[in-house]
Amino acid sequence: MRTHSPQPEPSRDRGVAGPPLTRSRSESEQGARTTSGSGAGTDGPANALGAYLRARREMITPAQAGIPVVGARRVPGLRREEVAMLAGISADYYLRLERGRDRHPSVQVLEAIARVLQLDDDHFTHLLSLVAEVPRQRQRRPRKEIVPPGALKLLESLNQPAFIEGRYFDVLASNPLAKALSPRLEPGRNQLMDMFLDPAEQALQPQWKDVAECFIANLRQSVGTDIENPRFVELVGELSLTSPLFAQLWARYEVRGQKGTMLRFNHPQVGELLLNRERLSIGGAEGLMLVVFHPDAGSDDADKLSLLASAGLPVIAASKPLQPERPTK
């Protein structure tokens with residue numbers, strides 16, 4: 001991704017790049033460890049950079065980094081001194097970064113670390129955001145997510161399943177066909193909560209684990225360093241306590257935006273549906289997205305969706321799957 005190597009970053013103690021620390025591995029690995037990833041706000045603004053570096057470091061194996069393995073290893077992924085060696089910086093300086101004792105690394109150093117940790121562009125952008133000098137407003141009142149009237153009118157006019165979601169995947173508004181597709185697409189519900197905790201939603205979306213992982217990575221990106229928002233703290237905290245899978249995925253620190261994709265549904269009334277999903281930003285409403293599901297034109301999925309719309313189906317499971325009517329020969 002980035003090929004040039006930076007000059008070694010001087011440590012404050014030695015003044016030049018130094019050898020790996022001589023302290024014991026257990027002390028080195030455990031001393032800076034803070035509760036992070038699985039809890040709400042536990043990776044805190046005080047050392048968000050360190051929590052992120054540690055999580056990504058533990059995901060890179062020695063083999064991926066080109067390091068031969070000799071004997072047993074007691075830590076997951078790479079050791080701190082290995083990251084420092086591969087990045088061309090002192091182990092002491094890298095330790096300072098993970099412990100939050102140095103908050104002003106150069107871009108060149110971050111690029112070198114990103115190369116070692118194999119960060120893509122989305123993850124590297126997130127890394128940069130953790131060291132940017134962004135003034136924090138204390139005791140800032142949470143901004144209420146309000147759907148603009150024009151967006152509501154547009155939502156009502158659509159003949160495809162559509163809804164409006166907030167920054168934390170709360171459903172703020174939805175049209176009838178969206179609720180016919182999934183009863184959980186009801187204002188007041190949260191898609192992440194339903195995805196991880198509601199068996200009915202998991203049955204509706206056979207690929208729900210992939211979708212959930214995408215949601216988490218998008219949440220990481222959209223929230224950035226604003227991890228003190230009460231809604232964010234509440235959501236991540238509750239899911240971390242109630243869903244081991246969420247806690248596991250959240251601790252991986254995946255960061256990426258959502259793109260248009262195709263999703264498979266196993267609908268209890270019309271059977272299997274393959275629909276395109278598009279997420280469109282709503283102008284003048286930061287963080288709000290219009291989500292639309294639409295089938296390929298002329299497909300069986302389009303017929304099934306038309307049936308779902310024309311039948312005015314209730315949002316409870318039908319006793320028998322419905323089949324689109326076909327012209328008689």
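What you are looking at is a predicted structure, and each value in this text was computed from that prediction instead of being measured. These numbers come from the heavy atoms of this one structure, side chains and all, not from hydrogens, waters or symmetry mates.
Remark: Ser299 OG to Lys304 NZ distance equals 9.5 Å, nearest 0.5 Å. Here the CG atom belonging to Leu177 is positioned 10.5 Å from the CZ atom belonging to Phe293, to the nearest 0.5 angstrom. From Asp120, atom CG reaches atom OG1 of Thr125 across 8.5 Å, with rounding to the nearest 0.5 Å. Atom CG in Leu181 sits 9.5 Å away from atom CG in Leu263 (nearest 0.5 Å). For the atom pair Glu234 CD and Asn190 CG, the distance stands at 9.0 Å (nearest 0.5 Å). How far CZ of Phe246 is from CG of Leu241: 10.5 Å, rounded to the nearest 0.5 Å.
Partners of Glu186 according to the side-chain contact (heavy atoms from CB on, under 4.5 Å) rule, which considers only residues two or more places apart in sequence or in another chain, are Lys179, Arg189. In this view, Tyr52 and His126, Tyr253 satisfy the ring pair (Phe, Tyr, Trp, His ring centres under 6.0 Å) rule, not counting sequence neighbours.
Without hydrogens or angle criteria, Arg167 side chain to Ser222 main chain gives a donor-acceptor distance under 3.5 Å. Proximity of a side-chain donor or acceptor of Gln269 to a complementary backbone N or O of Leu308 within less than 3.5 Å is not detected. Checked by atom type and distance alone, the side chain of Glu82 pairs as donor or acceptor with a backbone atom of Arg79 at under 3.5 Å. Between the side chain of Ser240 and the backbone N or O of Val236, at least one donor-acceptor pair lies under 3.5 Å. A donor-acceptor contact shorter than 3.5 Å links the side chain of Gln64 to the backbone of Thr61. With hydrogens and angles disregarded, a donor-acceptor distance shorter than 3.5 Å links the side chain of Arg57 to the backbone of Leu78.
Heavy-atom minimum distance, Ala91 versus Ala84: CA-CB, 3.6 Å.
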Show the atom names and distances, to 0.1 Å, of all donor-acceptor pairs under 3.5 Å that link a side chain in residues 202-217 to residues at least two apart or in another chain.
from   : atom 1 : to     : atom 2 : distance (Å)
Gln202 : NE2    : Met195 : O      : 3.2
Gln202 : NE2    : Phe196 : O      : 3.1
Gln205 : NE2    : Glu201 : OE2    : 2.9

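No side-chain donor from either of His123 and Gln118 sits under 3.5 Å from a side-chain acceptor of the other.
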